[in-house]
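Owing to the predicted nature of the structure, the values given are computational and were not obtained by experimental measurement. Chain naming here is simple, since letters A, B, ... match the order of the sequence lines and numbering starts at 1 in each.
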Protein chains: 2
Amino acid sequence: MALRHAVLAALLDEELSGYQLAKAFDMGVANFWHALPQQLYAELAKLEHEGLITGREVVQETRPNKRLFKVTGAGLDELERFTAAATKPSFIRDDLLVKVQAADHVNTEVLVARLTERITFAQAKIDLFDALLRTMRGDLAEEDFLHRGDRVGPYLTCLRGLSFERANRDWYERTVRVLRERAVPSPGRPADEGL
Amino acid sequence: MALRHAVLAALLDEELSGYQLAKAFDMGVANFWHALPQQLYAELAKLEHEGLITGREVVQETRPNKRLFKVTGAGLDELERFTAAATKPSFIRDDLLVKVQAADHVNTEVLVARLTERITFAQAKIDLFDALLRTMRGDLAEEDFLHRGDRVGPYLTCLRGLSFERANRDWYERTVRVLRERAVPSPGRPADEGL
DNA sequence: CCATGATAGTCAAGAAAATGACTAATCAAA
DNA sequence: TTTGATTAGTCATTTTCTTGACTATCATGG
(Lines give C-alpha, C1' and ligand atoms only; values in the text may rest on other atoms or scores of the structure.)
Protein backbone atom coordinates (compact mmCIF):
# COMPACT_ATOMS: atom_id res chain seq x y z
CA MET A 1 0.00 0.00 0.00
CA ALA A 2 2.84 2.41 -0.64
CA LEU A 3 1.55 3.87 -3.89
CA ARG A 4 -1.18 5.80 -2.13
CA HIS A 5 1.35 7.24 0.27
CA ALA A 6 3.72 8.05 -2.53
CA VAL A 7 0.92 10.01 -4.16
CA LEU A 8 0.15 11.81 -0.92
CA ALA A 9 3.84 12.63 -0.48
CA ALA A 10 4.06 13.97 -4.01
CA LEU A 11 1.06 16.24 -3.48
CA LEU A 12 2.40 17.74 -0.27
CA ASP A 13 4.49 20.47 -1.82
CA GLU A 14 2.33 21.40 -4.76
CA GLU A 15 -1.09 20.87 -6.24
CA LEU A 16 -0.84 18.56 -9.22
CA SER A 17 -3.13 17.07 -11.82
CA GLY A 18 -3.21 13.36 -12.53
CA TYR A 19 -1.34 14.01 -15.71
CA GLN A 20 1.39 15.97 -13.97
CA LEU A 21 1.64 13.26 -11.34
CA ALA A 22 1.98 10.68 -14.06
CA LYS A 23 4.88 12.64 -15.51
CA ALA A 24 6.51 12.88 -12.12
CA PHE A 25 6.12 9.15 -11.49
CA ASP A 26 7.37 7.97 -14.84
CA MET A 27 10.85 6.65 -15.37
CA GLY A 28 12.39 10.06 -15.88
CA VAL A 29 11.86 11.74 -12.58
CA ALA A 30 10.69 8.92 -10.40
CA ASN A 31 13.25 9.56 -7.73
CA PHE A 32 11.26 8.02 -4.94
CA TRP A 33 8.56 5.89 -6.54
CA HIS A 34 7.49 4.68 -9.94
CA ALA A 35 3.98 4.14 -11.25
CA LEU A 36 2.00 4.16 -14.47
CA PRO A 37 -0.70 6.71 -15.28
CA GLN A 38 -3.46 4.13 -14.95
CA GLN A 39 -2.41 3.31 -11.43
CA LEU A 40 -2.24 6.97 -10.52
CA TYR A 41 -5.65 7.95 -11.83
CA ALA A 42 -7.16 4.96 -10.04
CA GLU A 43 -5.37 5.85 -6.84
CA LEU A 44 -6.35 9.51 -7.06
CA ALA A 45 -9.99 8.51 -7.42
CA LYS A 46 -9.76 6.27 -4.36
CA LEU A 47 -7.91 8.86 -2.31
CA GLU A 48 -10.45 11.53 -3.14
CA HIS A 49 -13.31 9.16 -2.36
CA GLU A 50 -11.74 8.49 1.04
CA GLY A 51 -11.25 12.19 1.66
CA LEU A 52 -7.47 12.05 1.86
CA ILE A 53 -7.13 14.46 -1.03
CA THR A 54 -9.40 17.02 -2.65
CA GLY A 55 -9.52 17.94 -6.30
CA ARG A 56 -10.60 21.16 -7.91
CA GLU A 57 -11.47 21.60 -11.56
CA VAL A 58 -9.30 24.05 -13.44
CA VAL A 59 -10.86 25.26 -16.67
CA GLN A 60 -8.37 25.88 -19.46
CA GLU A 61 -9.06 27.48 -22.79
CA THR A 62 -6.20 26.18 -24.84
CA ARG A 63 -5.93 22.76 -23.15
CA PRO A 64 -8.41 20.19 -21.91
CA ASN A 65 -9.58 20.98 -18.40
CA LYS A 66 -7.74 19.37 -15.56
CA ARG A 67 -8.23 18.58 -11.91
CA LEU A 68 -5.66 19.69 -9.40
CA PHE A 69 -5.35 17.70 -6.20
CA LYS A 70 -4.07 18.54 -2.78
CA VAL A 71 -3.73 16.65 0.47
CA THR A 72 -6.35 17.13 3.18
CA GLY A 73 -5.83 17.03 6.91
CA ALA A 74 -7.00 13.43 6.92
CA GLY A 75 -4.45 12.73 4.21
CA LEU A 76 -1.68 14.18 6.31
CA ASP A 77 -2.80 12.06 9.25
CA GLU A 78 -2.69 8.99 7.05
CA LEU A 79 0.84 9.84 5.97
CA GLU A 80 1.81 10.32 9.58
CA ARG A 81 0.37 6.92 10.43
CA PHE A 82 2.20 5.35 7.50
CA THR A 83 5.48 6.93 8.51
CA ALA A 84 5.18 5.57 12.01
CA ALA A 85 4.39 2.04 10.78
CA ALA A 86 7.05 -0.63 10.38
CA THR A 87 8.94 -0.68 7.15
CA LYS A 88 9.74 -3.72 5.14
CA PRO A 89 13.18 -3.79 3.58
CA SER A 90 13.62 -3.13 -0.08
CA PHE A 91 15.29 -5.26 -2.71
CA ILE A 92 16.82 -4.55 -6.03
CA ARG A 93 14.64 -5.96 -8.76
CA ASP A 94 16.65 -5.79 -11.91
CA ASP A 95 16.47 -8.05 -14.94
CA LEU A 96 20.14 -7.45 -15.50
CA LEU A 97 21.07 -8.98 -12.18
CA VAL A 98 19.33 -12.18 -13.22
CA LYS A 99 21.17 -12.13 -16.52
CA VAL A 100 24.53 -11.53 -14.90
CA GLN A 101 23.83 -14.28 -12.38
CA ALA A 102 23.67 -16.61 -15.40
CA ALA A 103 26.68 -14.96 -17.05
CA ASP A 104 28.85 -18.07 -16.92
CA HIS A 105 26.28 -20.05 -18.90
CA VAL A 106 25.04 -17.67 -21.57
CA ASN A 107 26.43 -15.71 -24.48
CA THR A 108 28.66 -12.95 -23.18
CA GLU A 109 28.33 -10.60 -26.10
CA VAL A 110 24.58 -10.03 -25.89
CA LEU A 111 24.89 -9.57 -22.15
CA VAL A 112 27.57 -6.94 -22.63
CA ALA A 113 25.31 -5.22 -25.14
CA ARG A 114 22.46 -5.04 -22.59
CA LEU A 115 24.81 -3.75 -19.94
CA THR A 116 26.16 -1.10 -22.27
CA GLU A 117 22.66 0.16 -23.06
CA ARG A 118 22.07 0.57 -19.38
CA ILE A 119 25.25 2.50 -18.81
CA THR A 120 23.91 5.19 -21.14
CA PHE A 121 20.54 5.14 -19.44
CA ALA A 122 22.06 5.37 -15.97
CA GLN A 123 24.27 8.25 -17.04
CA ALA A 124 21.24 10.12 -18.36
CA LYS A 125 19.51 9.73 -15.02
CA ILE A 126 22.64 10.82 -13.19
CA ASP A 127 22.73 14.01 -15.24
CA LEU A 128 19.03 14.57 -14.65
CA PHE A 129 19.31 14.10 -10.91
CA ASP A 130 22.36 16.35 -10.78
CA ALA A 131 20.47 19.12 -12.52
CA LEU A 132 17.44 18.59 -10.29
CA LEU A 133 19.54 18.85 -7.16
CA ARG A 134 21.22 22.03 -8.39
CA THR A 135 17.82 23.57 -9.04
CA MET A 136 16.52 22.60 -5.63
CA ARG A 137 19.42 23.92 -3.62
CA GLY A 138 19.76 27.11 -5.65
CA ASP A 139 22.97 28.93 -4.84
CA LEU A 140 23.45 27.27 -1.46
CA ALA A 141 26.11 24.64 -0.89
CA GLU A 142 24.63 21.21 -0.37
CA GLU A 143 25.37 20.97 3.34
CA ASP A 144 24.01 24.47 3.90
CA PHE A 145 20.84 23.64 2.05
CA LEU A 146 20.37 20.41 3.98
CA HIS A 147 20.84 22.30 7.20
CA ARG A 148 18.91 25.49 6.55
CA GLY A 149 16.81 24.98 3.46
CA ASP A 150 13.11 24.33 3.67
CA ARG A 151 11.84 21.13 2.09
CA VAL A 152 14.78 18.79 2.29
CA GLY A 153 12.62 15.68 1.82
CA PRO A 154 12.63 15.77 -1.97
CA TYR A 155 16.30 16.70 -1.96
CA LEU A 156 17.21 13.73 0.19
CA THR A 157 15.24 11.26 -1.93
CA CYS A 158 16.84 12.68 -5.03
CA LEU A 159 20.24 12.14 -3.46
CA ARG A 160 19.36 8.48 -2.99
CA GLY A 161 18.29 8.24 -6.60
CA LEU A 162 21.54 9.81 -7.73
CA SER A 163 23.62 7.46 -5.64
CA PHE A 164 21.62 4.48 -6.91
CA GLU A 165 22.19 5.37 -10.53
CA ARG A 166 25.86 6.03 -9.95
CA ALA A 167 26.20 2.62 -8.33
CA ASN A 168 24.31 1.09 -11.24
CA ARG A 169 26.57 2.72 -13.79
CA ASP A 170 29.72 1.74 -11.95
CA TRP A 171 28.59 -1.86 -11.55
CA TYR A 172 27.52 -2.11 -15.18
CA GLU A 173 30.89 -0.78 -16.24
CA ARG A 174 32.85 -3.08 -14.00
CA THR A 175 30.78 -6.09 -15.08
CA VAL A 176 31.36 -5.26 -18.73
CA ARG A 177 35.09 -4.97 -18.05
CA VAL A 178 35.19 -8.32 -16.26
CA LEU A 179 33.17 -10.13 -18.91
CA ARG A 180 35.24 -8.65 -21.72
CA GLU A 181 38.53 -9.56 -20.08
CA ARG A 182 37.36 -13.12 -19.52
CA ALA A 183 36.19 -13.43 -23.11
CA VAL A 184 39.69 -12.65 -24.38
CA PRO A 185 41.79 -15.81 -24.38
CA SER A 186 44.69 -15.01 -22.08
CA PRO A 187 47.69 -17.09 -21.11
CA GLY A 188 46.99 -19.29 -18.11
CA ARG A 189 43.26 -19.45 -18.63
CA PRO A 190 41.25 -21.28 -21.28
CA ALA A 191 39.10 -19.04 -23.48
CA ASP A 192 35.32 -18.99 -23.52
CA GLU A 193 35.23 -20.81 -26.81
CA GLY A 194 37.47 -23.49 -25.45
CA LEU A 195 34.70 -24.98 -23.36
CA MET B 1 8.46 -12.57 -16.44
CA ALA B 2 11.75 -12.33 -14.60
CA LEU B 3 10.95 -14.68 -11.74
CA ARG B 4 11.06 -17.74 -13.97
CA HIS B 5 14.42 -16.66 -15.30
CA ALA B 6 15.69 -15.94 -11.83
CA VAL B 7 14.76 -19.50 -10.89
CA LEU B 8 16.51 -20.87 -13.96
CA ALA B 9 19.59 -18.81 -13.16
CA ALA B 10 19.60 -20.06 -9.58
CA LEU B 11 19.42 -23.68 -10.71
CA LEU B 12 22.31 -23.37 -13.13
CA ASP B 13 25.10 -24.01 -10.69
CA GLU B 14 23.47 -26.58 -8.45
CA GLU B 15 20.45 -28.81 -8.17
CA LEU B 16 18.09 -27.41 -5.58
CA SER B 17 14.78 -28.33 -4.00
CA GLY B 18 11.89 -25.89 -3.83
CA TYR B 19 12.59 -25.46 -0.18
CA GLN B 20 16.26 -24.69 -0.73
CA LEU B 21 15.34 -22.25 -3.48
CA ALA B 22 12.92 -20.55 -1.14
CA LYS B 23 15.74 -20.11 1.36
CA ALA B 24 17.98 -18.67 -1.33
CA PHE B 25 15.29 -16.25 -2.48
CA ASP B 26 14.27 -14.99 0.91
CA MET B 27 15.42 -11.70 2.33
CA GLY B 28 18.65 -13.06 3.69
CA VAL B 29 20.49 -14.18 0.62
CA ALA B 30 18.40 -12.73 -2.15
CA ASN B 31 21.29 -11.00 -3.80
CA PHE B 32 19.77 -10.97 -7.24
CA TRP B 33 16.06 -11.57 -6.83
CA HIS B 34 13.49 -11.95 -4.10
CA ALA B 35 10.46 -14.21 -3.97
CA LEU B 36 8.26 -16.06 -1.53
CA PRO B 37 8.03 -19.86 -1.30
CA GLN B 38 4.53 -19.93 -2.80
CA GLN B 39 5.71 -18.13 -5.91
CA LEU B 40 8.66 -20.45 -6.23
CA TYR B 41 6.75 -23.70 -5.91
CA ALA B 42 4.23 -22.43 -8.45
CA GLU B 43 6.97 -21.35 -10.81
CA LEU B 44 8.84 -24.63 -10.44
CA ALA B 45 5.68 -26.53 -11.35
CA LYS B 46 5.19 -24.37 -14.42
CA LEU B 47 8.81 -24.61 -15.49
CA GLU B 48 8.79 -28.40 -15.13
CA HIS B 49 5.53 -28.63 -17.05
CA GLU B 50 7.09 -26.61 -19.86
CA GLY B 51 10.19 -28.77 -19.83
CA LEU B 52 12.60 -26.00 -18.88
CA ILE B 53 13.64 -27.85 -15.74
CA THR B 54 13.46 -31.48 -14.59
CA GLY B 55 12.94 -32.66 -11.06
CA ARG B 56 13.99 -35.89 -9.48
CA GLU B 57 12.65 -37.31 -6.25
CA VAL B 58 15.19 -37.76 -3.53
CA VAL B 59 14.06 -40.16 -0.82
CA GLN B 60 15.27 -39.25 2.64
CA GLU B 61 14.88 -41.31 5.77
CA THR B 62 15.20 -38.71 8.43
CA ARG B 63 13.52 -35.84 6.52
CA PRO B 64 10.50 -35.58 4.26
CA ASN B 65 11.37 -36.48 0.67
CA LYS B 66 12.28 -33.65 -1.63
CA ARG B 67 12.50 -32.97 -5.33
CA LEU B 68 15.73 -31.60 -6.75
CA PHE B 69 15.48 -29.56 -9.93
CA LYS B 70 17.95 -28.81 -12.64
CA VAL B 71 17.82 -26.79 -15.85
CA THR B 72 17.28 -28.63 -19.14
CA GLY B 73 18.67 -27.69 -22.52
CA ALA B 74 15.40 -25.96 -23.32
CA GLY B 75 15.75 -24.05 -20.08
CA LEU B 76 19.18 -22.84 -21.03
CA ASP B 77 17.84 -21.77 -24.43
CA GLU B 78 15.10 -19.83 -22.71
CA LEU B 79 17.65 -18.09 -20.49
CA GLU B 80 19.70 -17.28 -23.55
CA ARG B 81 16.65 -15.79 -25.23
CA PHE B 82 15.82 -13.80 -22.11
CA THR B 83 19.36 -12.47 -21.86
CA ALA B 84 19.27 -11.28 -25.43
CA ALA B 85 15.90 -9.52 -24.98
CA ALA B 86 15.64 -5.84 -24.15
CA THR B 87 15.84 -4.89 -20.52
CA LYS B 88 13.64 -2.48 -18.74
CA PRO B 89 15.33 -0.22 -16.25
CA SER B 90 14.96 -0.84 -12.56
CA PHE B 91 13.75 1.48 -9.86
CA ILE B 92 14.22 1.64 -6.17
CA ARG B 93 10.99 0.74 -4.43
CA ASP B 94 11.44 1.63 -0.83
CA ASP B 95 8.81 2.69 1.69
CA LEU B 96 11.44 4.78 3.40
CA LEU B 97 11.98 6.93 0.34
CA VAL B 98 8.30 7.82 0.39
CA LYS B 99 8.51 8.63 4.06
CA VAL B 100 11.60 10.79 3.63
CA GLN B 101 9.97 12.56 0.68
CA ALA B 102 7.32 13.69 3.17
CA ALA B 103 9.91 14.43 5.85
CA ASP B 104 9.16 18.16 5.97
CA HIS B 105 5.53 17.49 6.82
CA VAL B 106 5.59 14.61 9.27
CA ASN B 107 6.97 13.83 12.68
CA THR B 108 10.74 13.62 12.50
CA GLU B 109 11.29 11.36 15.47
CA VAL B 110 9.35 8.37 14.19
CA LEU B 111 11.01 8.74 10.83
CA VAL B 112 14.43 8.73 12.43
CA ALA B 113 13.41 5.61 14.33
CA ARG B 114 12.46 3.82 11.09
CA LEU B 115 15.70 4.90 9.46
CA THR B 116 17.72 3.70 12.41
CA GLU B 117 16.12 0.26 12.25
CA ARG B 118 17.14 0.01 8.66
CA ILE B 119 20.72 0.97 9.34
CA THR B 120 21.02 -2.15 11.48
CA PHE B 121 19.33 -4.26 8.85
CA ALA B 122 21.52 -2.92 6.05
CA GLN B 123 24.65 -3.52 8.11
CA ALA B 124 23.60 -7.12 8.69
CA LYS B 125 23.24 -7.64 4.95
CA ILE B 126 26.58 -5.99 4.30
CA ASP B 127 28.25 -8.42 6.69
CA LEU B 128 26.43 -11.32 5.09
CA PHE B 129 27.43 -10.31 1.57
CA ASP B 130 31.01 -9.73 2.68
CA ALA B 131 31.20 -13.22 4.08
CA LEU B 132 29.55 -14.69 0.99
CA LEU B 133 32.04 -13.00 -1.27
CA ARG B 134 34.97 -14.19 0.79
CA THR B 135 33.68 -17.75 0.57
CA MET B 136 33.16 -17.54 -3.16
CA ARG B 137 36.60 -16.18 -4.01
CA GLY B 138 38.44 -18.45 -1.59
CA ASP B 139 42.04 -17.36 -1.15
CA LEU B 140 42.19 -15.42 -4.39
CA ALA B 141 42.25 -11.63 -4.47
CA GLU B 142 39.03 -10.18 -5.85
CA GLU B 143 40.49 -9.03 -9.15
CA ASP B 144 42.22 -12.37 -9.63
CA PHE B 145 39.03 -14.25 -8.96
CA LEU B 146 37.05 -12.07 -11.34
CA HIS B 147 39.67 -12.64 -14.01
CA ARG B 148 40.45 -16.31 -13.56
CA GLY B 149 37.80 -17.84 -11.35
CA ASP B 150 35.02 -19.95 -12.76
CA ARG B 151 31.47 -18.80 -12.04
CA VAL B 152 31.79 -15.08 -11.65
CA GLY B 153 28.07 -14.46 -12.26
CA PRO B 154 26.99 -15.02 -8.66
CA TYR B 155 30.01 -13.08 -7.43
CA LEU B 156 29.15 -10.08 -9.58
CA THR B 157 25.51 -10.01 -8.50
CA CYS B 158 26.60 -10.29 -4.91
CA LEU B 159 28.90 -7.33 -5.43
CA ARG B 160 25.91 -5.32 -6.62
CA GLY B 161 23.94 -6.36 -3.56
CA LEU B 162 26.80 -5.32 -1.30
CA SER B 163 27.12 -1.95 -2.95
CA PHE B 164 23.36 -1.41 -2.75
CA GLU B 165 23.24 -2.14 0.96
CA ARG B 166 26.26 0.06 1.61
CA ALA B 167 24.58 2.90 -0.25
CA ASN B 168 21.41 2.28 1.72
CA ARG B 169 23.23 2.38 5.03
CA ASP B 170 25.14 5.50 4.11
CA TRP B 171 22.01 7.30 2.94
CA TYR B 172 20.03 6.26 6.00
CA GLU B 173 22.83 7.57 8.21
CA ARG B 174 23.16 10.84 6.38
CA THR B 175 19.40 11.34 6.38
CA VAL B 176 19.23 10.70 10.11
CA ARG B 177 22.03 13.20 10.63
CA VAL B 178 20.30 15.86 8.54
CA LEU B 179 16.93 15.37 10.20
CA ARG B 180 18.44 15.41 13.68
CA GLU B 181 20.42 18.57 13.01
CA ARG B 182 17.35 20.31 11.67
CA ALA B 183 15.29 19.24 14.66
CA VAL B 184 17.70 21.00 17.02
CA PRO B 185 16.82 24.67 17.26
CA SER B 186 19.95 26.42 16.05
CA PRO B 187 20.73 30.10 15.77
CA GLY B 188 19.61 31.56 12.48
CA ARG B 189 16.94 28.97 11.81
CA PRO B 190 13.56 28.49 13.49
CA ALA B 191 13.10 25.11 15.18
CA ASP B 192 10.67 22.42 14.07
CA GLU B 193 8.35 23.15 16.95
CA GLY B 194 8.27 26.75 15.95
CA LEU B 195 6.04 26.02 12.96
C1' DC C 1 5.90 -35.68 27.35
C1' DC C 2 5.29 -31.40 25.11
C1' DA C 3 6.69 -27.37 22.76
C1' DT C 4 9.66 -25.54 19.46
C1' DG C 5 11.75 -25.20 15.15
C1' DA C 6 13.56 -26.94 10.91
C1' DT C 7 12.49 -29.50 6.68
C1' DA C 8 9.30 -29.98 2.71
C1' DG C 9 5.47 -28.44 0.39
C1' DT C 10 0.46 -26.66 -0.79
C1' DC C 11 -4.04 -23.82 -1.36
C1' DA C 12 -6.91 -19.91 -1.78
C1' DA C 13 -7.82 -15.04 -1.95
C1' DG C 14 -6.78 -10.50 -2.63
C1' DA C 15 -3.94 -6.43 -3.66
C1' DA C 16 -0.85 -4.31 -6.70
C1' DA C 17 1.31 -3.72 -11.00
C1' DA C 18 1.92 -4.18 -15.92
C1' DT C 19 0.00 -4.40 -20.70
C1' DG C 20 -2.53 -2.63 -24.27
C1' DA C 21 -5.98 -0.05 -26.27
C1' DC C 22 -8.83 4.05 -26.42
C1' DT C 23 -11.10 9.14 -26.41
C1' DA C 24 -10.40 13.90 -27.36
C1' DA C 25 -8.50 18.31 -27.74
C1' DT C 26 -4.77 21.54 -29.25
C1' DC C 27 -0.35 22.90 -31.30
C1' DA C 28 3.63 22.78 -34.23
C1' DA C 29 6.07 21.32 -37.93
C1' DA C 30 6.70 18.75 -42.39
C1' DT D 1 -2.78 19.68 -44.45
C1' DT D 2 -2.12 15.92 -42.34
C1' DT D 3 1.10 13.84 -39.24
C1' DG D 4 3.02 13.70 -34.90
C1' DA D 5 3.62 15.40 -30.23
C1' DT D 6 1.58 17.08 -25.92
C1' DT D 7 -2.02 17.55 -22.62
C1' DA D 8 -5.68 15.15 -20.06
C1' DG D 9 -7.75 11.09 -18.78
C1' DT D 10 -10.12 6.20 -18.99
C1' DC D 11 -11.11 1.03 -19.48
C1' DA D 12 -10.26 -3.80 -19.43
C1' DT D 13 -7.42 -7.76 -18.92
C1' DT D 14 -3.72 -10.29 -17.31
C1' DT D 15 0.27 -11.12 -14.65
C1' DT D 16 2.64 -10.85 -10.58
C1' DC D 17 3.06 -10.40 -5.72
C1' DT D 18 1.54 -10.67 -1.10
C1' DT D 19 -1.11 -12.45 2.89
C1' DG D 20 -2.52 -15.99 5.58
C1' DA D 21 -3.54 -20.41 6.55
C1' DC D 22 -2.61 -25.36 6.35
C1' DT D 23 -0.47 -30.51 6.16
C1' DA D 24 3.19 -33.45 7.37
C1' DT D 25 7.59 -35.46 9.52
C1' DC D 26 11.53 -35.36 12.39
C1' DA D 27 14.81 -33.51 15.92
C1' DT D 28 15.94 -31.07 19.99
C1' DG D 29 15.47 -29.00 24.37
C1' DG D 30 13.22 -28.57 28.61
Classify the angle between the aromatic ring planes of Phe164(A) and Phe164(B) as parallel (below 30°), tilted (30 to 60°) or perpendicular (above 60°).
perpendicular

Separation of dA18(C) P from Asp95(A) CG (nearest whole Å)
12 Å

Please list all pairs meeting salt bridge (charged side-chain N to carboxylate O under 4.0 Å, His left out) that have one or both residues in residues 70-81 of chain A, counting only residues at least two apart or in different chains.
Glu78(A)-Arg81(A)

What integer distance in Å separates Met1(B):CE from dA17(C):C1'?
15 Å

Do any pairs count as a ring pair (Phe, Tyr, Trp, His ring centres under 6.0 Å) and have a residue in residues 100-121 of chain A, sequence neighbours left out, and if so which ones?
none

Base contacts versus sugar-phosphate-only contacts with protein, heavy atoms under 4.0 Å: please encode nucleotides 4-13 of chain C as B, S and - from 5' to 3'.
--BBBBBB--

With clusters built from Ile, Leu, Val, Met, Phe, Trp and Tyr whose side-chain heavy atoms come within less than 4.5 Å, directly or transitively, what are the remaining members of the cluster of Met1(B), listed by chain and number?
none

Could you work out how much the helix from dC1(C)-dG30(D) to dA30(C)-dT1(D) bends, comparing the axis of its first five pairs with that of its last five, to 10°?
30°

May I ask you to list the residues sharing a hydrophobic cluster with Val58(A), side-chain cutoff 4.5 Å, ordered by chain and number?
Leu68(A)

For residues 35-42 of chain A, which side-chain donor-acceptor pairs fall under 3.5 Å, sequence neighbours excluded?
from     : atom 1 : to       : atom 2 : distance (Å)
Gln39(A) : OE1    : Leu36(A) : N      : 3.1
Tyr41(A) : OH     : Tyr19(A) : N      : 3.1

Residues passing the ring pair (Phe, Tyr, Trp, His ring centres under 6.0 Å) test with Phe69(A), sequence neighbours excluded, are none

Going by salt bridge (charged side-chain N to carboxylate O under 4.0 Å, His left out), name the pairs with one or both residues in residues 137-147 of chain A, residues two or more places apart or in two chains.
Arg137(A)-Glu142(A), Glu142(A)-Arg174(B), Glu143(A)-Arg174(B), Asp144(A)-Arg148(A)

Run the salt-bridge test on Arg114(B) and Asp95(B) with the 4.0 Å N-O cut-off and return the result as yes or no.
no

For Arg4(A) and dA16(C), give me the distance from atom CZ to atom C1', rounded to whole Å.
12 Å

Who passes side-chain contact (heavy atoms from CB on, under 4.5 Å) against Ala74(A), sequence neighbours left out?
Leu52(A), Thr72(A)

Give me the first and last nucleotide of DNA chain D, going 5' to 3', that has any atom under 4.0 Å from a heavy atom of chain A.
dT6(D) to dT19(D)

In a check of side-chain contact (heavy atoms from CB on, under 4.5 Å) between Thr175(A) and each of Leu146(B), Thr157(B), Val152(B), Leu156(B), which one passes?
Leu156(B)

Can we say Arg160(B) and Asp94(A) salt-bridge, meaning some charged N sits less than 4.0 Å from an Asp/Glu carboxylate O?
no

Is it true that Val112(A) and Phe82(B) fall in one hydrophobic cluster, defined by side-chain heavy atoms closer than 4.5 Å?
yes

Using a 4.0 Å cut-off on heavy atoms, which residues in residues 80-89 of chain B reach DNA chain D? List them by number, or say none.
none

How many Å lie between CD on Gln39(A) and C1' on dA15(C), as a whole number?
11 Å

